[in-house]
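Chain letters run A, B, ... following the sequence lines, proteins first and then strands; every chain starts at 1.
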There are 2 protein chains.
Amino acid sequence: MATTIDDVARAAGVSTSTVSYVLSGKRPISAPTRQRVERAIRELGYRPHAGARALASSRTNVLALMAPLRVDVNVSVIMQFVTGVVTAARTFDHDVLLLTADEIAGMERVASGSMVDALVMMDIEADDPRVPVLAGLSQPAVLIGLPRDPEGLSCVDLDFDAAGQLAVRHLARLGHRQIALVGSPRAVLERHTSYAERMIRGFTQGVAEAGVEGLVEPCESSSTGAVDAVDRVLTRMPDVTALVVHNEVALPWVLSTLRDRGRHVPDDVSVVAVCPPDVAVGQPLPLTNIDIPAHTIGKVAVEMAMARVERDEPAETRLLAPQLVERASTVAALR
Amino acid sequence: MATTIDDVARAAGVSTSTVSYVLSGKRPISAPTRQRVERAIRELGYRPHAGARALASSRTNVLALMAPLRVDVNVSVIMQFVTGVVTAARTFDHDVLLLTADEIAGMERVASGSMVDALVMMDIEADDPRVPVLAGLSQPAVLIGLPRDPEGLSCVDLDFDAAGQLAVRHLARLGHRQIALVGSPRAVLERHTSYAERMIRGFTQGVAEAGVEGLVEPCESSSTGAVDAVDRVLTRMPDVTALVVHNEVALPWVLSTLRDRGRHVPDDVSVVAVCPPDVAVGQPLPLTNIDIPAHTIGKVAVEMAMARVERDEPAETRLLAPQLVERASTVAALR
DNA sequence: CTAGGCTGGCGAAGCGCTTCGACCGTGGCA
DNA sequence: TGCCACGGTCGAAGCGCTTCGCCAGCCTAG
């Protein structure tokens, strides 16, 4: 265990620098030498000391991920982000240090303490106080989400504007003229969480473009919240024939409430869910959905981070195009 | 940013070792000196280099957490474990490195690479292949769950045996004589996931002790899975009057299926849910539940890990006593 | 008045790795 | 035949911190 690079060098009969170059590949080493070194490494079970390496090379091979570990919204989506980030990080030979979102000092700590090579931050709000902090760090950072002013940081997210439009366009094309959006909880909106606002904007714009009626209702992430939201929709838009649901937790309750109120899906009401596919098909009726490709977004975030770390590429913003998969919950409107 | 301990020492007019001792408190430093040093630190915005510190002290102030980032079961419980671990780690001035469970080599990598001081592993199976690996590491490890043979490692978990018994005892005391357990998905059982098996064992034992009839049905984590499980229960035990549900995802569907089958909760069927309180009260009817104190378990895991790291205390196993909170879903059986 | 102890601080030797410049032998070319 | 270039290897100087041993001064007690 306590084997060092010197032990390896001695065993292989070379200098420590040669071992180092075998490991890093930064200088050419002849095949026989390399093989001897590699054998010694294997036989001794040698593993470089991360701290020593970080000290000497000023690269830690660790990424910080700041995740919102609240339990309120779309936990499984968060999970998928995280797995996407972790698995992608591994392909770049990096590990992931997990920070919680409530700890704004954490970013500074890990960054100025040289614990990480880059930072990835989820759940960005429009005027997120963390963004200026990140911008001041010497490590690159990638935002999952879209602040009002990215301040030179890279961003990546699903194009929620487009998603909102896409949902409306799909429904309008099916002949629906009265469409409601059952959205994020009020608290999320009040935080000005970027994705929620963009979803609403896209929805609103789609409604305007299609020349149909639209209604936006926030929805708490609970059984009663869903009941309330659906009832508000039915009150304010009695002839509604289509729902866009952008709230994963409330989704089952929205469906059951519709049923309780005598609205059959899809005959009376079409439903487009904005959620991962497994959630969409896990409902009693397989739902037409717009995917939240959390895993992919996480992966892209890491790729962008590594591009900056390894090749010093400039920051960029990437918005992933939404995709709608048609299933059993959307049908043409009766006329 | 690139300020070092030497910069601080120079600014404060002391030697580097003095600065170090101010920082660590490992030797007494006079008040005036300490204050000068602290001022210099503050003014320079000095932050020790984590790698250098790890190299010199062989302590990284990082904990590895291996979490099952599958999306199948109780995601929010996993989330709570994670937050428990992360926040507890911070109170010990540690950060958390996140490993995914499918990467068994990850433990060896971070451990022999001296990236972490200790490891915490979730989602332990009865004969988990990772346990012997952990046991061979030079860092202490804490298991969340209970393998057949802990091999000298610390373990912590809810006492699921006791939880199973507690649920049955509560229901039996209310006069129920036909009790079914709607449990974990088959796949979880087949992995011999420790908590699922212990729950069943406790349930079975409780049934035997109370002299009532018991039935165990696995349940997939989906709408259809829940429907199937409930129907199987109703077929095999038509006069069932009480259900213990240990499957968070299926829980809403179990309830709606009961309703569909004309069984009213709690008048016809009492329900005890094994889940966090927020899930229990988020249902249409507030459910009597046995809490899965995930946050606490995560915290305890970290405390046990740090006890071993800091004070070299011996390994131990801690099983947290379950607590049942009575709500609206359990009533006395008709007779 | 001095031996001994105590307090507060200093200096230097690493911790294990990377990396730069230097070196050496070989082969190609003029 | 002589020279240069270059592939392949080595040595040593750090990277920034901790920690051990040591010393200077002061106080107390004999």
Rounded distance in Å - CE (A:M115) to P (D:dC17):
14 Å
Any carboxylate oxygen within less than 4.0 angstrom of a Lys/Arg side-chain nitrogen, looking at B:D157 and B:R198?
yes
Look at the side-chain N and O atoms of A:Y21 and state whether any lies under 4.0 Å from the OP1 or OP2 oxygen of D:dG11.
no
Could you state the CZ-C1' distance from B:R47 to D:dC17, rounded to the nearest angstrom?
16 Å
Roughly how many Å is it from CZ in B:R59 to C1' in D:dT19, rounded to a whole number?
15 Å
Between B:T16 and A:S57, whichever has its closest DNA chain D nucleotide further toward 5' is A:S57
Decide yes or no on side chain to side chain contact (heavy atoms under 4.5 Å, CB included) for A:L158 and A:Y195, but give the supporting numbers first.
CA-CA 8 Å; A:L158 175 65; A:Y195 69 83; over 6 Å; no
Are OP1 or OP2 of C:dC17 and a side-chain N or O of A:S20 less than 4.0 angstrom apart?
no
Rounded to whole angstroms, how far apart are CG on A:D6 and C1' on C:dT18?
12 Å
Using a cut-off of 4.0 Å on non-hydrogen atoms, how would the nucleic acid contact of A:S24 be classed: base, sugar-phosphate, or nothing?
nothing
Nucleotide C:dT18, atom P - distance to CG of A:L55 in whole Å:
11 Å
By nearest-nucleotide position on DNA chain C, the 5'-leaning member of B:T18 and A:G51 is B:T18
Can you measure A:H49 atom NE2 to C:dG16 atom C1' for me and round it to whole angstrom units?
7 Å
Side-chain donor or acceptor of B:R27 under 3.5 Å from a matching atom on the base of D:dG21?
yes
Has B:K26 got a side-chain N or O lying under 4.0 Å from the OP1 or OP2 atom of D:dT18?
no
Out of C:dG9, C:dG16, D:dG8, minimum distance to the side chain of B:I29 belongs to C:dG9
Calculate the interatomic distance between A:R53 atom CZ and C:dT18 atom P; express it in whole Å.
5 Å
Describe the nucleic acid contact of B:S17 in one word from base, sugar-phosphate, nothing, applying a heavy-atom distance below 4.0 Å.
base
Quickly work out the A:D7 CG to C:dC17 P distance and round it to whole Å.
9 Å
Kindly indicate whether the side chain of A:S15 and the base of D:dG11 share any N or O donor-acceptor pair separated by less than 3.5 Å?
no
Using 4.0 Å as the upper bound for N to carboxylate O, is an ion pair formed by A:E125 and A:R191?
yes
Do B:T83 and B:H295 have side-chain N/O donor and acceptor atoms under 3.5 Å apart?
yes
Evaluate side-chain hydrogen bond (donor to acceptor under 3.5 Å, both in side chains) for A:S30 paired with A:R34, printing each intermediate quantity in order.
CA-CA 6 Å; A:S30 68; A:R34 187 177 335 119; over 6 Å; no
